[in-house]
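This report refers to the structure that appears directly beneath it.
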Amino acid sequence: MPVYRRSSGETAEAEAARAQDVLRLWGEEEGAIAAKVNGIPVDLNAFVPDGAVVEPILASTEEGLDILRHSASHLMAQAIKRLYPGTKLGIGPAVEDGFYYDVDPPQSLTEDDLQKIEGEMGRIVKEALPVERLELPRDEVISIFKERGETYKLELIEEIEDPFISLYRQGEFIDLCRGPHVPNTSYIRHFKLLSLAGAYWRGDERNPMLVRVYGTAFPTAESLRSYLDRLEEAKRRDHRKLGRELDLFSIQPEGPGFPFFHPKGMTIVNVLLDFWRKEHVKRGYMEVRTPLILEQSLWIRSGHWDHYRENMYFTEIDGRPFAIKPMNCPGSILIYKSQLRSYRDLPLRMAELGTVHRHERSGVLHGLMRVRCFTQDDAHLYVTEDQIKDEILGIMDLMHHIYGDVFGFPYRVELSTRPENAMGELSQWEMAESALKEALDESGTPYKLNPGDGAFYGPKIDFHLEDCIGRSWQCGTIQLDFQMPEKFDVTYVAADGSHRRPVMLHRTVLGSIERFLGILIEHYAGAFPYWLAPVQVRILPVKDDFLPYARDVEAVLKDWGVRTEVDLREEKLSRKIRDAQLQKVPYMLVVGAKEAEDRKVSVRERAKGDLGEMSLEGLEDLLNQEFNPF
RNA sequence: GCCGGUGUAGCUCAAUAGGCAGAGCAGCUGACUUGUAAUCAGCAGGUUGGCGGUUCGAGUCCGCCCGCCGGCUCCA
């Protein structure tokens, strides 16, 4: 009699059994949607070999959720094929928050069709169709999909080398699939179709475009509900909406991808940059500024002409060709080269809040997150080879300070290596890549490897911040560059009098100021911490009679360096409070007869509410307790 | 750039079936003189994104262009 084992070590004997039967021996079949046999996920009705370890996969685990969603994508594809016969199928995987299926329907689909498809999915769920795995010889599989006109599937099969190929069938629906899946369609209860979008077949823009139908599925109604609530929350936090409501910035039809910063948005940016400058001075950087437009020949020499031309804007001055800078490095190099540099000058840390223009394709623009003109908090470090590691560690420390200590953002690190269109020698790339790795290892930073994602002039370490709804944004980057110094013949005089070539480090911390502001808006849902709030305190006179006192208080606060305004309107106090709350002003000061008499203020904090009356000194103490990274 | 959707007052949204472009908020004017999340009244506000077409008649139907939204590809 075969023996089956549990991960805990327990064993049981039974006749040749399927995974579900083995789980039942231990009372573990409840809630399982698939099983793991010797660590490999399989269907519940898969036969288990003698001696195998069998564990349940629950829908509530990450692995189980993936299976549930993958099955949901099959369910959706089946519904689509029922409603729109002749639809050809692309691929339909589970993704981060749900699943999608790329389909090629005979007619175009609209949002209204989502409801219909959902309805049909509901019917298939009720049918409780068993989901069966088939393993058939290649030829047979090919003829099945030929017969069904599934040309995309045939293309996928061509790449599978195994003599046998697995398929999954539920009712009349058959799909090429590795599995595993839920045992029958009734397991998929809590799902929702979300959106439609175009997507190129196999992600290549030369291929035909299919319709990607997005949906999500969860094990319980509550978890589905909370996910949908989270989507709503994300909408509420959308920086484009808050940017308008809080009057921070706008993007006008006259400048697609070119944001306008309004006074309040600019205040936030300036506070942020004041902090940034202080921090950089502290860490031995000097600041420079280079021109926005430079002669085309410079860009040819730098390699941008060959590697980055499609993203650049060009112009002409006095009949000579010029380019608008898409990056700040060539300008920085010109400053470096403006005089002879000694090894004593290195490491030379040259920072620049550099405004760059890049031509982004119209479809990718997105509020402040993806624009055509942005300011990078750039820096170029000129270092000797044996300074590389320490300088990288120094930059990583700065990143950690700003992301972690100041903003409390979780972040991820990725190392990107040599891309296809790379410039320069392979050996230099290897040297550069291993220098970055060494720094990462020494600092003990966990990172993900992204082969082929480096810049054309060098490998890079990217820092991805995670925002409130789990999206990640690339902000900081450290790029190691042996190419530019070479191209521009950049040198320093070594101790022995010889001319040596420095290595160049390019780096940003915030990345793009625009994008960073967008992230901050969403992260704080517009309720900026006190130190960043465009208006820190709003003074609310109870009635006009107390305007003079309100002005007095305002003058005192301004003197303390607090960003203050007075609500001058002839409105009721409750109205003024409401408006200040909606503007997410951190502190409101109510001033009326009592306050004016005693030179006091009644303080209301936007989240805590009424804090009661206090003297101006008491207020000063209170404000001084607020977080301040300076 | 590509696919799909969408565009009405500063904002949010109405306008049966192709038949007089409207409301709330915001703004302005006036009244009210206000104590912890919306005082009342009046006024003003529009080339319905643009251009062309169909029609007796177009916000509505068709075509092209532009912007925006969601994706794809690409990226700070």
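Residue numbers begin at 1 in each chain, while the letters A, B, ... track the order of the sequences.
- Here A:R370 does not reach the OP1 or OP2 of B:rG70: none of its side-chain N or O atoms lies under 4.0 Å away.
- Under the 6.0 Å distance and 45° angle rule, A:R212 counts as a cation-pi partner of A:Y100.
- Among the protein residues, A:G203 comes within range of the sugar-phosphate backbone only, with heavy atoms under 4.0 Å from sugar or phosphate atoms but none that close to a base.
- For the OP1/OP2 pair of B:rU33 and a distance below 4.0 Å, the side-chain nitrogens and oxygens of A:K543 include no atom meeting the criterion.
- Contact annotation for A:E514: no contact, since no heavy-atom pair falls under 4.0 Å across all strands.
- Proximity of A:R244 to the phosphate of B:rG10: no side-chain N or O atom is located under 4.0 Å from OP1 or OP2.
- Looking at heavy-atom distances under 4.0 Å, A:K608 makes no contact with the nucleic acid at all.
- Nucleotides B:rG22 and B:rC61, compared at atom C1', are 23 Å apart to the nearest Å.
- We find that CG of A:L540 is positioned 12 Å from P of B:rA37, with the value rounded to whole Å.
- When heavy atoms are screened at a 4.0 angstrom cut-off, A:E571 is found touching base atoms of the nucleic acid.
- Nearest to the side-chain atoms of A:V364 among the listed nucleotides B:rC74, B:rG67, B:rA37 stands B:rC74.
- For the 3.5 Å distance criterion, the side chains of A:S332 and A:E352 fail to qualify, holding no donor opposite an acceptor.
- With both ends at atom P, the span from B:rU16 to B:rU73 equals 40 Å, rounded to whole Å.
- The residue A:A593 sits close to a base: some heavy atom pair falls under 4.0 Å.
- Within 4.0 Å (heavy atoms only), A:K576 reaches no atom of the nucleic acid at all.
- Under the Watson-Crick or G-U wobble criterion, with both distances below 3.5 Å, B:rC64 is paired with B:rG50.
- With hydrogens and angles ignored, a donor-acceptor pair under 3.5 angstrom links the side chain of A:Y200 to the base of B:rG1.
- Ring geometry for A:F516 against A:F407 counts as perpendicular: the plane angle is over 60°, on a 0 to 90° scale with 30° as the lower cut.
- Searching all strands for a Watson-Crick or G-U wobble partner of B:rA31 with both distances below 3.5 Å returns B:rU39.
- A:D552 is not listed as a side-chain neighbour of A:F546, based on a closest heavy-atom distance of 4.5 Å or more.
- Regarding contacts with the backbone of B:rA76, a side-chain N or O of A:Q474 is found under 4.0 angstrom from either OP1 or OP2.
- Taking 4.0 angstrom as the limit, A:S574 places none of its side-chain polar atoms (N or O) nearer than this to OP1 or OP2 of B:rU36.
- At the heavy-atom level, A:E360 lies under 4.0 Å from base atoms of the strands shown.
- Counting non-hydrogen atoms under 4.0 angstrom, A:V371 reaches a base of the nucleic acid.
- Within 4.0 Å of A:S602, counting heavy atoms only, lies at least one base atom of the nucleic acid.
- Taking atom P in both B:rG67 and B:rG49, the straight-line distance is 16 Å, to the nearest Å.
- Of the nucleotides present, B:rC69 is the one that pairs with B:rG4 by Watson-Crick or G-U wobble criteria, both distances under 3.5 Å.
- Between A:E391 and A:R507 there is no salt bridge, since no side-chain N of the basic residue sits under 4.0 Å from a carboxylate O of the acidic one.
- Note: CG (A:D97) to C1' (B:rG71) measures 15 Å, nearest angstrom.
- Computed from coordinates, the A:L365 CG to B:rU73 C1' distance equals 14 Å when rounded to whole Å.
- For A:P253, the listed nucleotide lying nearest its side chain is B:rG67; candidates were B:rG67, B:rA76, B:rG35.
- Within 3.5 Å, a donor on the side chain of A:E595 pairs with an acceptor on the base of B:rG35, or the reverse.
- OP1 or OP2 of B:rG70 has at least one side-chain nitrogen or oxygen of A:H366 nearer than 4.0 Å.
- In this pair, A:Y214 does not lay its aromatic ring on the base of B:rG71; centres under 5.5 Å and planes under 30 degrees do not both hold.
- Taking 4.0 Å as the cut-off between side-chain N and carboxylate O, A:K594 and A:E597 do not count as a salt-bridged pair.
- Residue side chain A:E245 does not reach the base of B:rC11 through any donor-acceptor N/O pair under 3.5 Å, judged by distance alone.
- The nucleotide B:rA26 finds no pairing partner, because no Watson-Crick or G-U wobble arrangement with both distances shorter than 3.5 Å includes it.
- B:rA15 and B:rG52 have their C1' atoms separated by 25 Å, with the value rounded to a whole Å.
- Comparing A:Q479 and A:I251 by the nucleotide of RNA chain B that holds the closest heavy atom to each, the one mapping nearer the 5' end is A:I251.
- Residue A:R361 is classed as a base contact, given a heavy-atom separation below 4.0 Å to a base.
- Of the side-chain N and O atoms in A:R240, one or more sit less than 4.0 angstrom from OP1 or OP2 of B:rG70.
- One finds no salt bridge joining A:D579 and A:R538 here, because no Lys/Arg side-chain nitrogen approaches an Asp/Glu carboxylate oxygen to under 4.0 Å.
- Using a 30° and 60° split on the angle between ring planes, A:H380 and A:H506 fall in the perpendicular class, above 60°.
- Here B:rC74 presents its P atom at 20 Å from CE of A:M369, a figure rounded to the nearest Å.
- Salt-bridge annotation for A:D462 and A:K460: present, with a side-chain N of the basic residue lying under 4.0 Å from a carboxylate O of the acidic one.
- The same atom, P, is picked in B:rG59 and in B:rC2; the two are 29 Å apart, to the nearest Å.
- Rounded to an integer number of Å, the gap from A:Y587 OH to B:rA37 P is 18 Å.
- Annotation: B:rC32 and B:rA9 have their P atoms spaced 36 Å apart (nearest Å).
- Rounded to whole Å, the distance from CZ on A:R578 to P on B:rA38 is 6 Å.
- Nucleotide B:rC68 holds its P atom 12 Å from the CZ atom of A:F249, rounded to whole Å.
- In this structure, A:S362 reaches the B:rG1 phosphate: one of its side-chain N or O atoms is under 4.0 Å from OP1 or OP2.
- For the P atoms, the distance from B:rA23 to B:rA37 is 31 Å, rounded to whole Å.
- Distance CD (A:E420) to C1' (B:rC74): 15 Å, rounded to an integer number of Å.
- Comparing B:rC43 with B:rG24, their P atoms are spaced 12 Å from each other, to the whole Å.
- Checked by distance alone, A:R575 brings no side-chain donor or acceptor within 3.5 Å of a matching partner on the base of B:rA38.
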